[in-house]
Amino acid sequence: MAILRYALYRLGTMLLTLLVVSALIFMIINLPPGDYLSNQIAELRATGQTSGVARAEFLRTEYALDRPLWQQYLIWVGFIPGPQGFFGLLQGNFGWSFEFDRPVSEIVGESLWLTVLVNLAAVLFVYLVALPLGILAAAKSRTWVDYISAFVGYLGLATPNFLLALILFYYGHRWFNLPIGGLMDPVYEGAPMSWDKVKSILIHLIVPTFVIGTSGAAAMMQRLRANLLDELGKPYVETAIAKGMSPPRMLAKYPLRMAFNPFVADIGNLLPSMVSGSVLVSVVLGLQTIGPTLLTALKTQDQFLAGFVLMFVALLTLIGTMISDVLLALLDPRIRYGSRET
């Protein structure tokens, strides 16, 4: 029951944090002077296109952009009624994209789950590569295994993701006939899910997963090696070995558990950092994720589209943080569920 109460408490704090983040996102998006429609109206008036000005003015009124900023925020979230009544994020309305002239939900519909899929695959790649290499490098410290692992790690940190993407594009297609660009064959875009579409997505995931996950895996491997070496140098390790415990069993039972805590805590930062850090990679690889969409929305001041994408990234951060907190409470007996027990 204690873990359930703790999970509910973290869920409540997550929702409050998300509310504060939504206000900050809306405020920051509106910091630059003007907005998409204001800039469009100024451009249309300069060219004498009065019919376009009338439509832009109608959209400003329809989406409450002519009201004070605090009212725009409350209408956007869905706390107060706007020109269309209660019709904000809380009611499932993500707003209208003025750049693409379509509802935001239509633009980000398929790209949302593709973004989650790509980054979950990259996170899985990070842990599958970093944990064994980090443990092996620490256990075989100052040997050729350690030196090779360090070289691979530094190479992964030093190589820009977009350059690695171009290299893998060329050689992956030349040597292994891997597809170039996108997350699926063009014939499956917009088509209902099928086994052929799933196979196409899995094949297209190979290069993006490696490119996006390489730097994260290299950094995590180096941190795990350093943390594990620090634990292996502590007196309790010598005591356990002196009592006859075998080195592999001792390594798994004590030092590894202590060194693993930071990586559980990193779950909250790993997903959003990969989403934000893969924008350039998504452009280079032509991925149908929300990265290029966010870039376009920020450049054109398309506030509803940019606001929703940033809220999605914030939600990923908070969900990841909640998962890591609950896992830490389960894995480490030194961590208690509430402030009264700390």
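Worth saying up front: this structure is predicted, and the values here are computed from it rather than measured.
- Separating the CG atom in Leu74 from the CZ atom in Phe26 is a distance of 9.0 Å, to the nearest 0.5 Å.
- Between the side chain of Asn93 and the backbone N or O of Phe87 there is at least one donor-acceptor pair closer than 3.5 Å.
- Linking ILVMFWY side-chain heavy atoms closer than 4.5 Å, directly or via other members, places Phe304 and Trp70 in a single hydrophobic cluster.
- Of all non-hydrogen atoms in Leu298 and Ala306, the two that sit nearest each other are CD2-CB, 3.9 Å.
- Residues Ile29 and Leu310 are in side-chain contact: their nearest non-hydrogen atoms beyond the backbone lie under 4.5 Å apart.
- Side-chain atoms of Met220 and Arg223, non-hydrogen and from C-beta on, never get closer than 4.5 Å to each other.
- When all heavy atoms of Leu232 and Ala138 are compared, the closest pair comes out as CD1-O, 4.1 Å.
- Side-chain contact between Tyr73 and Leu69: absent, with no pair of heavy atoms (C-beta onward) separated by less than 4.5 Å.
- At least one side-chain heavy atom of Ile41 sits less than 4.5 Å from a side-chain heavy atom of Glu57.
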side-chain contact (heavy atoms from CB on, under 4.5 Å) evaluation trace for Arg5 with Tyr9 | CA-CA 6 Å; Arg5 287 197 301 269; Tyr9 166 76; over 6 Å; no

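- The same ILVMFWY cluster, assembled from side-chain heavy atoms under 4.5 Å apart, contains both Leu202 and Phe125.
- Residues Pro32 and Gln301 form a side-chain contact, since some pair of their non-hydrogen atoms from C-beta on lies under 4.5 Å apart.
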side-chain contact (heavy atoms from CB on, under 4.5 Å) between Ile75 and Gln84, worked out | CA-CA 10 Å; Ile75 293 171; Gln84 305 174 40; over 6 Å; no

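- One hydrophobic cluster, built from ILVMFWY side chains closer than 4.5 Å, cannot hold both Leu133 and Leu155; they sit in different ones.
- The closest side-chain heavy-atom distance from Asp302 to Thr296 is not below 4.5 Å.
- Both Val211 and Leu163 belong to a common hydrophobic cluster when Ile, Leu, Val, Met, Phe, Trp and Tyr are linked at side-chain heavy-atom distances under 4.5 angstrom.
- Atoms CG and CG, on Leu89 and Leu18 in that order, are 9.0 Å from each other to the nearest 0.5 Å.
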Step by step, work out the side-chain contact (heavy atoms from CB on, under 4.5 Å) result for Met14 and Ile319.
-> CA-CA 8 Å; Met14 184 186 79; Ile319 291 175; 4.2 Å; yes

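- Scanning all heavy atoms of the two residues, the minimum distance from Gln222 to Ser149 falls at NE2-O, 4.2 Å.
- One finds the OG1 atom of Thr289 at 8.0 Å from the CG atom of Leu114 (value rounded to the nearest 0.5 Å).
- In this structure, CD in Gln72 is found 8.0 Å from CG in Asp66, a value given to the nearest 0.5 Å.
- Side-chain contact between Ser200 and Met184 is present, with heavy atoms from C-beta onward closer than 4.5 Å.
- Taking 4.5 Å as the limit, some side-chain heavy atom of Phe79 sits within range of a side-chain heavy atom of Leu19.
- Closest approach of Leu224 and Ala130 over heavy atoms only: CD2-O, 4.1 Å.
- Between Phe98 and Tyr63, the ring planes are perpendicular. Angles over 60° get that label, and only those under 30° would be called parallel.
- If you chain together hydrophobic residues whose side chains sit under 4.5 Å apart, Leu128 and Phe210 never meet in one group.
- When all heavy atoms of Gly213 and Val126 are compared, the closest pair comes out as O-CG2, 3.4 Å.
- More than 12 heavy-atom neighbours from other residues, nucleotides or ligands sit within 6.0 angstrom of OH on Tyr236.
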Decide side-chain contact (heavy atoms from CB on, under 4.5 Å) for Val108 and Ser111; before the verdict, give the C-alpha distance in whole Å, the side-chain angles of both, and the deciding distance to 0.1 Å.
-> CA-CA 5 Å; Val108 301; Ser111 63; 3.9 Å; yes

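- Distance check, rounded to the nearest 0.5 Å: CG of Leu318 to CZ of Arg10 gives 8.0 Å.
- In this structure, Tyr36 and Thr300 approach most closely via the heavy-atom pair CD1-O, 3.1 Å.
- One N or O on the side chain of Gln91 and one on the backbone of Gly88 form a donor-acceptor pair closer than 3.5 Å.
- Within the model, atoms OG1 of Thr13 and CE of Met322 stand 8.0 Å from one another, a figure rounded to the nearest 0.5 Å.
- Aromatic ring orientation, Trp175 versus Tyr171: tilted (interplanar angle from 30° to 60°).
- For Arg55, the CZ atom is loosely surrounded, since the number of other residues' heavy atoms within 6.0 Å does not exceed 12.
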